Amino acid sequence: MNLALDVMNYAVMGAFIVVGLSQIMAMIRVVIGPDVGDRILALDTMVVNAIGLIVLLGLSQGTRIYFEASLIIAMLGFVSTVAYARFVLRGDIIE
Amino acid sequence: MNWELIGIWAVTFWLVIGAIFTLVGAIGLLKFNDGMTRLHAPTKVGTVGIGSLLLASIIHSFVFGDGAVHEVLIMAFLFVTAPISANFIAKVNMHRRNCDGPPDLPEGELWATYDVPEGDEATEVPAQPDTR
């Protein structure tokens, strides 16, 4: 029982480190580009990774109050990705 | 080996799976060398990676608390929207001519994504100069 709890805590810590590392990698792709499509894609990945980090935070603290935050980030991330892609494609978001 | 122990090991398993897929997607996003190829990798983050983390969270709440399946909402939303945003990003890549175009169609037909409706030509963005 204690062994399982220890292993799970280590897994939570490792998942935090790995998802944070992925967030930094996506951030590097935002910076180096080279084109606007890659930057939109990297921002989309960063939103998804942020959802993962918030879910891990709620899991590690044992609370459920972070659920709404991650749901709102999921929705706004999709809307912002589509809006940015439309802006690049059409030069206008709402025609 | 009671149910609580099995639940804790299941949480650990799904956490590890989600972390591995998230890392693989990020490495692919960083290391692949072509715009359309890079589009391929982060879809794993959006589906398997986040799906596994949310599954771990669901199992955790069932083991340590009352239990709730709220996370299914996030999962469903991400699974519905991920293909749409991937489609949009692919269109951005195609219209900015970052990749090989689709093959020519016979008899002057146009691919739907390049087919500008009548009277809508003014809003078509011309091929932008290379600003990289």
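Residue numbers start from 1 in every chain, and the chains themselves are labelled A, B, ... in the order their sequence lines are given, proteins ahead of strands. In this text the structure is predicted, and so the values were computed from the model without any measurement.
- Cluster membership for A:Met8 and A:Leu53, using ILVMFWY side-chain heavy atoms within less than 4.5 angstrom, is shared.
- By the criterion of side-chain heavy atoms lying less than 4.5 angstrom apart, applied directly or through intervening Ile, Leu, Val, Met, Phe, Trp or Tyr residues, A:Met75 is grouped together with B:Phe88 in one hydrophobic cluster.
- Atom OH of A:Tyr10 has 12 or fewer heavy atoms from other residues, nucleotides or ligands within 6.0 Å.
- Here ring-ring contact (aromatic ring centres under 6.0 Å, His included) pairs that include residues 25-65 of chain A, with residues two or more places apart or in two chains, number zero.
- Contact of B:Phe21 with chain A is not made at all, since no heavy-atom distance falls under 4.5 Å.
- With a threshold of 4.5 angstrom between heavy atoms, A:Val12 approaches chain B through its backbone and through its side chain.
- Residues of residues 47-54 of chain B that come within less than 4.5 angstrom of chain A, heavy atom to heavy atom, are B:Ile50, B:Leu53, B:Leu54 in numerical order.
- Between B:Asn93 and A:Gly37, the closest heavy-atom pair is OD1-CA, 3.8 Å.
- The heavy-atom pair separating B:Ser85 from A:Thr81 by the smallest distance is CB-CG2, 3.7 Å.
- The nearest pair of heavy atoms linking A:Gly62 to B:His60 is CA-CE1, 4.1 Å.
- Cluster annotation: A:Met27 is not connected to A:Ile17 through the hydrophobic network of ILVMFWY side chains, with a link wherever side-chain heavy atoms come within less than 4.5 Å.
- In this structure, the portions of A:Leu71 lying under 4.5 Å from any heavy atom of chain B include both its backbone and its side chain.
- Interface check for chain A: of the options B:Ile89, B:Thr81, B:Asn87, the most heavy-atom pairs under 4.5 Å are formed by B:Thr81.
- Heavy atoms of B:Leu23 lying under 4.5 Å from chain A belong to its backbone as well as its side chain.
- With a threshold of 4.5 angstrom between heavy atoms, A:Leu41 approaches chain B through its backbone and through its side chain.
- Proximity to chain A (any heavy atom under 4.5 Å) is shown, for B:Ala56, by both the backbone and the side chain.
- A continuous path of Ile, Leu, Val, Met, Phe, Trp and Tyr side chains, each step under 4.5 Å between heavy atoms, connects B:Met75 with A:Val47, placing both in one hydrophobic cluster.
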Report task. Under the side chain to side chain contact (heavy atoms under 4.5 Å, CB included) rule, what do A:Phe67 and B:Leu73 come out as? Steps first, then yes or no, please. Result -> CA-CA 10 Å; A:Phe67 159 74; B:Leu73 264 181; 4.0 Å; yes
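- Residue A:Ile54 holds its CD1 atom at 12.0 Å from OG of B:Ser57, rounded to the nearest 0.5 Å.
- Criterion: ILVMFWY side-chain heavy atoms under 4.5 Å apart, direct or through other members. Under it, B:Val24 and A:Met46 are not part of a common hydrophobic cluster.
- A:Val18 approaches B:Ala19 most closely through the heavy-atom pair CG1-O, 3.2 Å.
- A heavy-atom distance below 4.5 Å is found between the side chains of A:Ile51 and B:Leu78.
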Report task. Check the pair A:Met25, B:Leu29 against side chain to side chain contact (heavy atoms under 4.5 Å, CB included), reporting the backbone distance first and the verdict last. Result -> CA-CA 8 Å; A:Met25 285 179 183; B:Leu29 178 67; over 6 Å; no
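- If you measure heavy-atom distances from B:His70 to chain A, the contacts under 4.5 Å come from both the backbone and the side chain.
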Query - Intermediate values then yes/no, side chain to side chain contact (heavy atoms under 4.5 Å, CB included), A:Phe78 and B:Phe77 - result: CA-CA 9 Å; A:Phe78 168 67; B:Phe77 189 81; 4.3 Å; yes
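- Interatomic distance, B:Leu30 CG to A:Asp38 CG, rounded to the nearest 0.5 Å: 11.0 Å.
- When A:Val36, A:Leu21, A:Asp44, A:Leu59 are compared by the number of non-hydrogen pairs under 4.5 Å with chain B, A:Leu59 comes out ahead.
- From B:Lys44, atom NZ reaches atom OG1 of A:Thr45 across 11.5 Å, with rounding to the nearest 0.5 Å.
- Atom CD1 of residue B:Ile8 and atom CG of residue A:Leu5 lie 4.0 Å apart, to the nearest 0.5 angstrom.
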Requested in this report: Report the C-alpha distance between B:Lys91 and A:Arg86 in whole Å, list the side-chain angles of each, state the deciding distance to 0.1 Å, and finish with yes or no for side chain to side chain contact (heavy atoms under 4.5 Å, CB included).
Outcome: CA-CA 9 Å; B:Lys91 272 179 84 170; A:Arg86 271 196 84 77; over 6 Å; no
